[in-house]
2 protein chains.
Amino acid sequence: MEASSSSPSSPPGNADSTFTSVKQEINSTPSSPSETSSPTGHKNKEHYVPADSNSSSTTKSFVPCKVCGDKASGYHYGVTSCEGCKGFFRRSIQKQIEYRCLRDGKCLVIRLNRNRCQYCRFKKCLAVGMSRDSVRYGRVPKRSRERSIEENSRVTTSDEADQSSRDVDAGPSQYHNLFLTISQAHMTNCVYTDEHIQNLIENPLVFPPSIPEENGAASSTAESIDKQRCWLWQHTASRITPSIQRLVEFAKRVPGFTELQQDDQLILLKLGFLEIWFCHVAKMTTETSFMFEDGLKLSKQQLEIMYDVDFVNAFLEFTRTFNGLHVSDEEIGLFSAVILFTPDRFGINDKKKIESLQDKLIQAMKFQVVRKFPEDTKIYMGLVSKMNDLRVLAAKFFVHLEWLQENWTRVTLPPLFAEIFDIPKEDAQ
Amino acid sequence: MEASSSSPSSPPGNADSTFTSVKQEINSTPSSPSETSSPTGHKNKEHYVPADSNSSSTTKSFVPCKVCGDKASGYHYGVTSCEGCKGFFRRSIQKQIEYRCLRDGKCLVIRLNRNRCQYCRFKKCLAVGMSRDSVRYGRVPKRSRERSIEENSRVTTSDEADQSSRDVDAGPSQYHNLFLTISQAHMTNCVYTDEHIQNLIENPLVFPPSIPEENGAASSTAESIDKQRCWLWQHTASRITPSIQRLVEFAKRVPGFTELQQDDQLILLKLGFLEIWFCHVAKMTTETSFMFEDGLKLSKQQLEIMYDVDFVNAFLEFTRTFNGLHVSDEEIGLFSAVILFTPDRFGINDKKKIESLQDKLIQAMKFQVVRKFPEDTKIYMGLVSKMNDLRVLAAKFFVHLEWLQENWTRVTLPPLFAEIFDIPKEDAQ
DNA sequence: TAAGTAGGTCACGAGGTCAC
DNA sequence: GTGACCTCGTGACCTACTTA
């Protein structure tokens, strides 16, 4: 029950011979960021491969736009950016348009909403260093390779094009940059954001006729309970798996992650996923029910069938207190990154590096939260204390996985899901 | 307080054993001119070392393109020029393209904007003497060395290859050439130009939570004031330092500077920097605030914490009147050169030479300003009178440096900053 | 032969276009 | 107004050629 102990899940050990699905996720570029939820239908020039992808992974290297996180088409006005932001910036400076923000001038600019506020989009363009002065004509010098590598490992969004003076200052503005980068990565990849869930259509899970429903009080046979459990896990697994994929995409955009050795990347993802997922789905949870990203709703009773009363109570208690902190989506993103970079996961090699990265993230989170509520460090402290709760909760969850590890033949599990939770697979050759 | 007296700063004395950072700045070629602010990513052939750097300094010899000031790659079409201008000129004469200027045909051609007006770029190419007739093939004769030296000391931009008829005229056109050379150097290196600052994102400095803000009137403890002062100097120093570097780059491109003995170069930079910096940042200053090149904004109250009411008032008064002269960026550049070549700085050896160089600069400035407003010598006189104000202002600033000289352990100061303001350093071996 | 440049090459990005 | 696609100018490198 002590939080500092490592997760009960089995260590990845020889990470080279296993976890093929997770590795695939890490190494392959996503078809498009969250293409699942929005069809922008990219067909950009594929020639923009600045890093040449020798940075431990990412073979095809998806390069995000510094402004909105969409797929960058090249280096425009001094900044790696997409066709959209390039065109928008060009029009803005050509016509010298004055924009105005209808809100507080702090809109988060991501692909999904980049057209909602021109003021904040243009502001972001400038913030990341777009400028007519920074245009680069002609062939790219060979050192672009080194530059992109170095750029990747730098823990900041500021492009190499902008004033070095900004780099001198390792303080607040760096933290804010880090916050923006991670917010963007989170908002692009997570589907449990306020925006995504506001228009959900509830869809309570009902058992099929083949599985007798326990509407009475007494008639619950052990057999029907077991069938229900299968049914519940089936649905749960198919909905957890996309979240794993998205976490991988998120992780790849957290500065420093792709520079870790691949074994460590795997361990962080494998042992961090659940804790992060709990944070994301907290807002989907009420006293009596839990809802997935697609509106599928499980009642508290159904949850208790899957797990047990003890876990469900612990889970509901966590979500209740976590929701009580009133953390914004952006902050949840930053917090997710902090959890991801937990240095003392079992089996980690380069603990030091992860520790220092987490340190930066924690500083950024502290800075962000304290800036928002200067009078009140309660939220920051609350988040920190939640890190322990999450470990405990995840440990409890892992216990219930034992049922799956025994009954894996009765549920069709996506490979990625099976791998991350150490569940045997069909083709165990 | 008398303007003719030397600055209270300690004289450089044995310049050989100290000021290593400043010397490094002087002697080393910049990775690229103002690469800090723009990533044109140069990696030209390094073999272009025409002067072989025996001119007192410049060991690696950055040679600017006569057309745009970018790093020259050699001698093309009779002119020391960069790959860009070489290719541009070749294409222009090959295709016999007729260009047109969308403005008044007087665009300043510097690296940052050389692609914005082909007409003015081509005009500049011709003006500096580019021609198909002037091509030089094959190995460079030994006399190149003498030529480069002579070329450097000549106070003109006109290349040695161009029509000698132009050289006969030592009057107005020479001043205009000097003006163009210095404008180019200034626009390339200074970040406080209109173009750079037009799209700044304001970023008011806020004290971190660890430093209690004095929002009330009475509760300002001496201790918190002191902490605030540290914080303010920290930010200021990290932003002043790049300006010092840029001034060195600027100075190296003012005709005659690199021919001075190194001790004199150091003294001019050391004692001239502040005055020049005040001129550059004047436009960033309003009645109530001051802004750095990256948008970081200090309130008048914060300035008064750093310095005192007297200095802040003097500074604001200077900026107010200086801004009232409505001097253009190019003219600020020329004025900066005039201030740089102040002959009566403490410790100067070759006063005569500096005097004669400053004389030329003053003539050029007068010529330039009077040409612009023929009916009105007020601006010229205004500038001249500002030279005294600047000395007084700098003297007042130096007094406040005493605080830093005592508290240097509490602020992390860049070596260059520490050196130019005589602040003790960690490794005082 | 060695040093050094004109001209060619082609990866790239600015700016324009137009269906949406 | 937006952004996928297009055209064309740009300039980092390269080769061929010139001259000491």
Side-chain angles (χ1 to χ4, degrees), chain A residues 32 39-50 65 67-68 70-95 97 99 111 113-118 121-122 130-145 161, chain B residues 32 39-50 52 65 67-68 70-95 97 99 111 113-118 121-122 130-144 161:
Chain A
S32 178
T40 316
H42 295 279
K43 214 171 71 178
N44 295 333
K45 285 187 250 179
E46 289 297 333
H47 76 257
Y48 193 61
V49 189
C65 165
V67 181
C68 73
D70 194 3
K71 184 174 190 173
S73 70
Y75 191 76
H76 308 293
Y77 301 98
V79 171
T80 299
S81 46
C82 66
E83 281 296 312
C85 291
K86 165 195 156 191
F88 171 76
F89 186 76
R90 186 185 64 240
R91 263 173 265 125
S92 300
I93 52 174
Q94 277 175 339
K95 301 178 192 166
I97 306 171
Y99 300 123
R111 182 171 68 83
N113 65 6
R114 66 187 174 203
N115 289 321
R116 287 203 206 140
C117 178
Q118 295 176 307
R121 190 183 193 182
F122 189 60
M130 272 192 165
S131 147
R132 272 197 107 187
D133 290 345
S134 307
V135 298
R136 180 182 69 193
Y137 279 89
R139 181 185 285 243
V140 174
K142 270 187 185 161
R143 80 165 218 272
S144 65
R145 154 189 293 234
Chain B
S32 178
T40 314
H42 297 275
K43 208 177 83 178
N44 294 331
K45 283 187 251 181
E46 291 296 336
H47 75 258
Y48 193 62
V49 190
D52 201 10
C65 166
V67 181
C68 73
D70 194 4
K71 185 175 187 174
S73 70
Y75 191 75
H76 307 292
Y77 302 98
V79 171
T80 299
S81 46
C82 66
E83 282 294 311
C85 291
K86 165 195 155 192
F88 171 76
F89 186 75
R90 173 166 42 81
R91 260 173 271 125
S92 299
I93 53 176
Q94 278 174 339
K95 300 180 193 163
I97 306 171
Y99 300 123
R111 184 174 65 82
N113 63 10
R114 66 187 175 205
N115 288 313
R116 289 195 209 156
C117 180
Q118 295 173 309
R121 190 183 192 181
F122 190 61
M130 271 192 166
S131 148
R132 244 192 176 150
D133 305 331
S134 311
V135 298
R136 180 184 70 188
Y137 278 96
R139 180 189 281 247
V140 175
K142 272 187 184 165
R143 69 165 219 276
S144 69

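Model, not experiment: these values are computed from the prediction. In the text below, chain A, chain B and the rest are named by the order of the sequence lines, each starting its count at 1.
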Output field: ring centroids F88(B)/Y137(A) closer than 6.0 Å: no
Choosing from [options], which nucleotide comes nearest the side chain of [X]?
X: R139(A); options: dA12(D), dA14(C), dT5(C); result: dA12(D)
X: R90(A); options: dT17(C), dT10(D), dA14(C); result: dT17(C)
X: N115(A); options: dG3(D), dT5(C), dC5(D); result: dG3(D)
X: Y137(A); options: dT19(D), dA14(C), dC5(D); result: dA14(C)

Atom-to-atom span, [atom1] of [X] to [atom2] of [N] - whole angstrom:
X: M130(A); N: dG15(C); atom1: CE; atom2: C1'; value: 14 Å
X: F89(A); N: dG1(D); atom1: CZ; atom2: P; value: 18 Å
X: N113(B); N: dA14(C); atom1: CG; atom2: P; value: 15 Å
X: I93(A); N: dG13(C); atom1: CD1; atom2: P; value: 16 Å
X: H76(A); N: dC6(D); atom1: NE2; atom2: C1'; value: 14 Å
X: K71(B); N: dA12(D); atom1: NZ; atom2: C1'; value: 13 Å
X: E83(A); N: dC20(C); atom1: CD; atom2: C1'; value: 16 Å
X: F88(B); N: dA6(C); atom1: CZ; atom2: P; value: 16 Å

Tell me what R132(B) touches on the nucleic acid: a base, only sugar-phosphate, or nothing, going by heavy atoms under 4.0 Å. sugar-phosphate
Categorize G84(B) for me: base, sugar-phosphate, or nothing, with a 4.0 angstrom heavy-atom threshold over every strand shown. sugar-phosphate
With a cut-off of less than 4.0 Å, is there a side-chain N or O of Q94(A) near OP1 or OP2 of dA14(C)? no
Using a cut-off of less than 4.0 Å, is there contact between a side-chain N or O of Y75(A) and OP1 or OP2 of dA14(C)? no
Relative to the ring of Y99(A), is the ring of F122(A) parallel (under 30°), tilted (30 to 60°) or perpendicular (over 60°)? perpendicular
Can you say whether a donor on the side chain of [X] sits under 3.5 Å from an acceptor on the base of [N], or the other way round?
X: R136(A); N: dG11(D); value: no
X: K86(A); N: dG15(C); value: yes
X: R91(B); N: dG11(D); value: yes

Can you check whether M130(A) reaches I93(A) side chain to side chain, under 4.5 Å on heavy atoms? no
Nucleotide forming a Watson-Crick or wobble pair with dC20(C), both distances under 3.5 Å: dG1(D)
Can you see which heavy atom on R116(B) is nearest to which on D133(A), and at what distance? NH2-OD1, 3.0 Å
Of the non-hydrogen atoms in Y77(A) and R132(A), which two are nearest, and what is the gap between them? CD2-CA, 4.5 Å
